[in-house]
Amino acid sequence: MNILILGGGGREHALAWAIKQNPKCDRLIVAPGNAGIAQLAEVADIDILSGATVVTFCEENAIDFVVIGPEAPLAAGVADALEAAGILVFGPSAAAARLEASKAFTKEICDACGAPTAAWARFADPTPAKDYIRRMGAPIVVKADGLAAGKGVVVAMTVAEALAAIDDMFGGSLGAAGAEVVIEEFMTGEEASYFVLCDGIDVLPIGTAQDHKRVGEGDIGPNTGGMGAYSPAPVLTEAIAAQALDEIIRPCLAEMARRGTPYRGVIFAGLMIDHGRARLVEYNCRFGDPETQVLMLRLGAQVLDLLLATAEGRLAGAGVNWADDHALTVVMAARGYPGAYAKGSVIRGLDALPQNAREMVFHAGTAARDGAIIANGGRVLNVSARGATLAEAHARAYAMLDAIDWPEGFFRRDIGWRAL
Ligand code: AMP
Ligand code: GLY
């Protein structure tokens, strides 16, 4: 079959790498892709936020199946446009993707089905929001309701910080995303991510992972899109994963179906684990980045069958073949990230690295220039490895990192510390 993947980050490189290994995949196109993806698939530069453009491209290229990577095309209704055109798609409708696109909506769904999450309130005006913060005290969490590319959450340790966040968000710093805010109870515990496929009715868990959001070693400094990840996440034990599935994920997805907006795709639950129980932090309606890089290394070619079963409503009979293994990925970013950084520096040493089922360098923000790979974004490479133990995966990944010659880049030395 002919397959189109939308997106151009490390997540999409990992998806393309796994899907390409499945014999069902005849032709693979990724839009817009990146320099690493171009080494294994065709790339196409189209406007992936336009449903009409994507549908026309699929018709012209006889595409049988579309996999949507990032949240923006989902929120823009690209899955709806494809479905209306009769093209099989992996990724939820815009209505179902509100589970990521609106924090207040997610909280309403949790309340409607009794899913455990932080206590919350929503505000469309700054004055009552500030009164609420003064009443509740700190620490407290202030969130822009809409999609804000990871910048919409302020975990305020003082009341003054929370009040400043209110001024900031209602002052328009995040545009329309901050027109409404959600204020939440601060939850303590350890975070982990749970990835579950849903075909509208049935669910199938496909793995756990832990991200490292802060830029600095020891989890300090500003938040990023993620500086590294590993899978599985030992903190999400079988018992806690079962509780999260039974008390949070299944009830929320059932509530979505009950409302006439069934969820089809991967639900990525961010969980806070404390005293042996999980509470929901947030949902994402897509695969995580860089969590997908470790999931794909562990799942391999079967991923295409799982995504097809999800899109075709066949999850009831589906299962995952698990190798009892571990994977770890380390993000190499451009110096300055998540602040200002330069593009265009040359990355050397990639050609000499092993690229196989155990060791892969997935590209995020890269481009090709005169036969060289150059940095073209903040997060640039995802150096990833698999092993019988997490320590083995860790050693393999860091050995590869030490062989990459890119003075303008940096990475954290401590990815996996919680589990190691
Ligand atoms: P979100 O975009 O909702 O995942 O928030 C980003 C990060 O903020 C999360 O990964 C948590 O580390 C933190 N966070 C969000 N909500 C809470 C909360 N209610 N309590 C504590 N930390 C939170
Ligand atoms: N790594 C976090 C995310 O994909 O949202």
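Side chains are part of it too, since the values below use all heavy atoms of this structure and drop only hydrogens, waters and symmetry mates. Both ligands and their constituent atoms are indexed starting at 1 by order of listing.
- In terms of protein heavy-atom proximity, atom 5 (O) of ligand 2 is closest to Arg286 NH2, 2.8 Å.
- Ionic pairing of Lys107 and Asp145 is not present here: no N-O contact between side-chain nitrogen and carboxylate oxygen is shorter than 4.0 angstrom.
- Proximity of Arg279 to Glu185: side-chain heavy atoms (C-beta onward) are separated by under 4.5 Å at one or more points.
- Between Thr366 and Val380, some side-chain heavy-atom pair lies under the 4.5 Å cut-off.
- Of all atoms in ligand 1, numbered sequentially from 1 with element shown, those under 4.0 Å from a heavy atom of Lys213 are 10 (O).
- Close contacts between ligand 1 and Glu185 involve ligand atoms 18 (C), 19 (N), 20 (N) [criterion: under 4.0 Å to a heavy atom].
- Close contacts between ligand 2 and Phe268 involve ligand atoms 3 (C), 4 (O), 5 (O) [criterion: under 4.0 Å to a heavy atom].
- When the heavy-atom distances from atom 11 (C) of ligand 1 to Met187, Glu191, Lys103 are ranked, the shortest goes to Glu191.
- A salt bridge between Glu247 and Arg277 is present, with a side-chain N of the basic residue lying under 4.0 Å from a carboxylate O of the acidic one.
- For ligand 2, the atoms lying closer than 4.0 Å to a non-hydrogen atom of Asp211 are 1 (N), 2 (C).
- Heavy atoms of Arg11 found under 4.0 angstrom from ligand 2: none, in either backbone or side chain.
- Heavy-atom proximity to atom 4 (O) of ligand 2, evaluated over Asp289, Asn223, Thr224, is greatest for Asp289.
- No side-chain heavy atom of Val43 sits less than 4.5 Å from a side-chain heavy atom of Pro32.
- Salt bridge annotation for Arg314-Asp305: absent, with no cationic side-chain nitrogen under 4.0 angstrom from a carboxylate oxygen.
- Counting the atoms of ligand 2 from 1 in the order shown, those under 4.0 Å from a heavy atom of Gly225 are 1 (N), 2 (C).
- Of the listed residues (Lys143, Glu184, Glu282), the one carrying the non-hydrogen atom nearest atom 15 (C) of ligand 1 is Lys143.
- Ion pair Glu282/Lys143 not flagged as a salt bridge, since none of the NZ, NE, NH1 or NH2 atoms sits closer than 4.0 Å to an Asp/Glu carboxylate oxygen.
- At a heavy-atom cutoff of 4.0 Å, ligand 1 is contacted by the side chain of Val155 but not by its backbone.
- Donor-acceptor pairing under 3.5 Å is recorded for the side chains of Asn284 and Arg286.
- Defined by atom type and a distance below 3.5 Å, a donor-acceptor pair is present between the side-chain atoms of Asp274 and Thr188.
- Between Gln210 and the options Glu191, Glu190, Glu291, a side chain to side chain donor-acceptor pair (under 3.5 Å) holds for only Glu190.
- Residue Met227 does not touch ligand 2, judged by heavy-atom distances below 4.0 Å.
- Proximity to Phe186 (heavy-atom distance under 4.0 Å) selects the following atoms of ligand 1: 20 (N), 21 (C).
- Taking every non-hydrogen atom of Gly288 and a distance limit under 4.0 Å, the qualifying atoms of ligand 2 come out as 4 (O).
- Of all atoms in ligand 2, listed by their number and element, those nearer than 4.0 Å to a heavy atom of Glu291 are 1 (N), 2 (C), 4 (O).
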